[in-house]
Amino acid sequence: MDLLQKLNEEQYKAVTHIDGPLLILAGAGSGKTRVITYRIAHLIKNVGVPPFAIVAVTFTNKAAEEMQNRIKALIGPIGESVMIKTFHSLAVYILRRHGEAIGIPSNFTIYDDHDQESVIKDILRDMHIDPKAVKPSMIVEKISRIKESNHYIEGGDITPLLPKFHSFNFPEIFTQYHEKLKAANALDFSDLLVRTVQLLRNKDVLHMLQSRWKYFMIDEYQDTNVAQYLIAKYLSSGTKNICVVGDDDQSIYSWRGADIRNILNFEKDYPNATVITLHRNYRSTEPILKAAWHVIKNNYKRKDKKLTSHRGDGEPIIVCTANNEYAEAEYVINTIVMLKHKEGYTNRDFTIFYRTNAQSRIFEEHLRKKNIPYVVIGSVKFYERKEIKDIIAYMRFIANQHDTVSFLRIINTPARGIGASTVEKIRDAAYISGVTEWDIIANSQTYSFKLSPALTAFKDIMQKLIDKAKETPQHYKLSDICISILHDTQYTKSLEEENSIESRGRLENIDAFVNSIFEYEHLHPQATLDEFLQDISLLTPADETNGTQDTITLMTVHNAKGLEFPVVFLTGMEEGLFPHANSSDTEEGIEEERRLCYVGMTRAKDRLFLTAAEIRRSWGSIHYKEASRFISELPSQLCQFTSFNSSYDLWDGPQDSSFDKFIAESVNKNKNIRNEITSSQFKVHQRVKHPSFGIGVITTIQGQGDNVKLTIQFLNGFTKTFLERYTPLEPVT
DNA sequence: AGCTAAAATGTTTTT
DNA sequence: CATTTTAGCT
């Protein structure tokens, strides 16, 4: 079949490897996705493996969807039967069908981190622990790490692992948390993986699955944790046809329990494994690839390797220092406008990366000001908006009346006169009788619970909706229930009456949500309410991307994994931010930050810009920032160093005195530099012409010999510093 | 019960 | 500084 002709030697070897364990070490941009999809196509078309016998696991649903489409493009509609999922969605698939074997009802609800926090807050309150003494999010984090640890999975005593805090009893919280989830018939993200491991230890279940699934492919294997590792291991234990793909240089999730040893020890785990290294990079120009290598080579803990570039020479990496974070944003957006104009790029060619979500705001403000369309991946996710979560909570409660978190969310939303004290009474009654809150309301006589008129009204509305969900035929069930919720609970009505700018926005979001349900119904005509809820609870940030519009993409570097863009801006390259201060204490932390930097840099195809701010405002005060150590790791002959100062004052109101002081100081510094004697062929105040920035005036000359740097103020507002020997400048009279 | 205004608190990265 | 939580008032 001709699909094999489009592969290089190593790719060909990987694709045509059929049986037995296979490790593909795929460097950045080495055609990893192509190898996975072609291998699947090859197995089906040339080897005769039935599509349903193949399982591929990727990192995001988006990646899974894309892979499914690529496979369908290669082999036709039959590619639909290949099982392509994330670990979490694969776990849901398995648990829904076989979970009963370990006591998990198939209609379980999935609690996201927000739901988990609500549960923890509840527990803290019940235990009379001051919620300020400890962050619930921190407890959630600890619980997840413990649950996904090898020790917990193997049934060991976890008490010694539990952190000891002076004022409260962590083991007790841990126990109560589990009881609450069990009572709510809910599983959290960790449970999905850990319970699946437990289930796969049941021989009957395992054999049932293995009779169907014969070939396994795991993408981003360097970022798997113990539970994921075990799921892959058990599933493939029958045939040993496991193919894993990864790159230890791109492991960026160790803080979430990912264990890089999974990929480093693959050959030990599977002694007769074939190992293929993909080292030819087809994505980035040579300077970009070289520069990225110069950064990553500083990591002590890595397999030494070097990618070869197959794209040839390109533009140098541009490193820009801006005087503050607003100037940084201005520089990035000016450069985008300039490149669009001069080199014909369109919005979708650009991406802005940053280390923390909070950094996106300033870029957004500037983009809005300039009327440039953009999407932010991951920050305020659509499904995390209040109104959407409210509707979903109604749907979840209708599907599962044990779901306490959802119940508490909806009981007085929209406000219907059921206050905190009433809710408290219901909860007490439920606790005393050992039943759910809904039981108390639905069968109030049994528990001699006095219902207020407001509660009776709530009960009637919910009872009607629950009954309706049972009776409605499948094919229009979802939209029908959703619209009934919006109507019967007066949710839309209360927003319409509010009639504020905000409520209008919410109504628009609800409209978008209803439309998405219609769309979903069309794609999955047989989907039940449970299935719908499970699908949306596993949606990841990258899944929200709208691929059709010409927009600039903004995202954290973590979200950038697996993507590529012609022009990449890697922003906030400052000590304390990237590498982040919280990771800078240990060598391991710095190495992971460095890998993150490597991932960011290697997303770029043609152009790479690194930017830093000298001053950044955070927590309301001003901080002087030093350039990131990763910048100093770049080889200077591959880079152009420049600076950008905001041409006008972006700060509203009276300026902070320390800011003024800093400006005064740096002006002084520049004065001294300006008087340095240099060996440049140019002079200060001379007019020159630059091929891409046009005409400007030299304001500063510094350095000696090969290191002469020229700072030029251009007519178009840019101020840049160039190394003279790399910059073709013409004198202008 | 529900709203407004003051206070507290928070920034790592996410399936 | 900006968002979220709480207190206090009506």
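FYI, side chains are in, hydrogens and waters are out, and symmetry mates aren't considered; it's all heavy atoms of this structure. Numbers restart at 1 for each chain; the letters A, B, ... are given by sequence-line order, proteins then strands.
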Any carboxylate oxygen within less than 4.0 angstrom of a Lys/Arg side-chain nitrogen, looking at K389(A) and D112(A)? yes
Side chain of N412(A) only, heavy atoms from C-beta on: which candidate in dT5(C), dT14(B), dG2(B) is closest? dG2(B)
Please state whether the rings of Y93(A) and W213(A) are parallel, tilted or perpendicular, taking 30° and 60° as the class boundaries. tilted
Check every atom of dA2(C), dT15(B), dT12(B) against the side chain of R361(A) and return the nucleotide holding the closest atom. dA2(C)
Can you figure out which of dT5(C), dT11(B), dT12(B) approaches the side chain of S583(A) most closely? dT12(B)
Separation of dA1(B) P from I411(A) CD1 (nearest whole Å): 11 Å
dT12(B) -> Watson-Crick or G-U wobble partner, both distances under 3.5 Å, gives none
Would you measure the distance from the C1' atom in dT12(B) across to the matching atom in dT5(C) and give it in whole Å? 23 Å
Checking contacts here: which listed nucleotide (dT15(B), dT13(B), dT12(B)) is nearest the side-chain heavy atoms of T556(A)? dT13(B)
Within 45° of the ring axis of Y253(A) and under 6.0 Å from its six-membered ring centre, is that where the NZ or CZ of R256(A) lies? yes
note: E117(A), atom CD; dT5(C), atom P; distance rounded to Å ~ 9 Å
CA sep, side-chain torsions, deciding dist, call: L608(A), M601(A), side-chain contact (heavy atoms from CB on, under 4.5 Å): CA-CA 7 Å; L608(A) 175 61; M601(A) 291 176 76; 3.8 Å; yes
By the Watson-Crick or G-U definition, both distances under 3.5 Å, dT4(C) is matched with dA7(B)
For the pair K625(A) and E325(A), find out whether any cationic side-chain nitrogen is under 4.0 Å from an anionic carboxylate oxygen. no
Residue pair E148(A)/R355(A) against DNA chain B: nearer the 5' end by closest nucleotide is R355(A)
Side chain of H580(A) (C-beta onward), nearest among dT13(B), dT15(B), dT11(B): dT11(B)
Counting heavy atoms from C-beta on, name the nucleotide in dT11(B), dT14(B), dT5(C) closest to the side chain of K121(A). dT5(C)
Cation-pi check, K561(A) to F59(A): give yes when NZ or CZ is under 6.0 Å from the six-membered ring centre and within 45° of the ring axis, no otherwise. yes
W255(A) vs I418(A), nearer the 5' end of DNA chain B by closest nucleotide: I418(A)
Interatomic distance where CD belongs to E592(A) and P belongs to dT14(B) [whole Å]: 12 Å
Mind checking F87(A) for me? I need base, sugar-phosphate or nothing, with any heavy atom below 4.0 Å counting as a touch. nothing
Nucleotide dA2(C), atom P - distance to CD of E364(A) in whole Å: 13 Å
Could you tell me how far apart L95(A) (CG) and dT15(B) (P) are, to the nearest whole angstrom? 19 Å
Looking only at atom C1', what distance separates dT11(B) and dT6(C), rounded to whole Å? 22 Å
Using a 4.0 Å heavy-atom cut-off, does N225(A) contact any base of the nucleic acid, only the sugar-phosphate backbone, or nothing at all? nothing
In this structure, how many angstroms lie between the P atom of dT15(B) and the CD1 atom of I231(A), rounded? 17 Å
Would you mind telling me which of dA1(B), dT14(B), dT12(B) lies closest to the side-chain atoms of T422(A)? dA1(B)
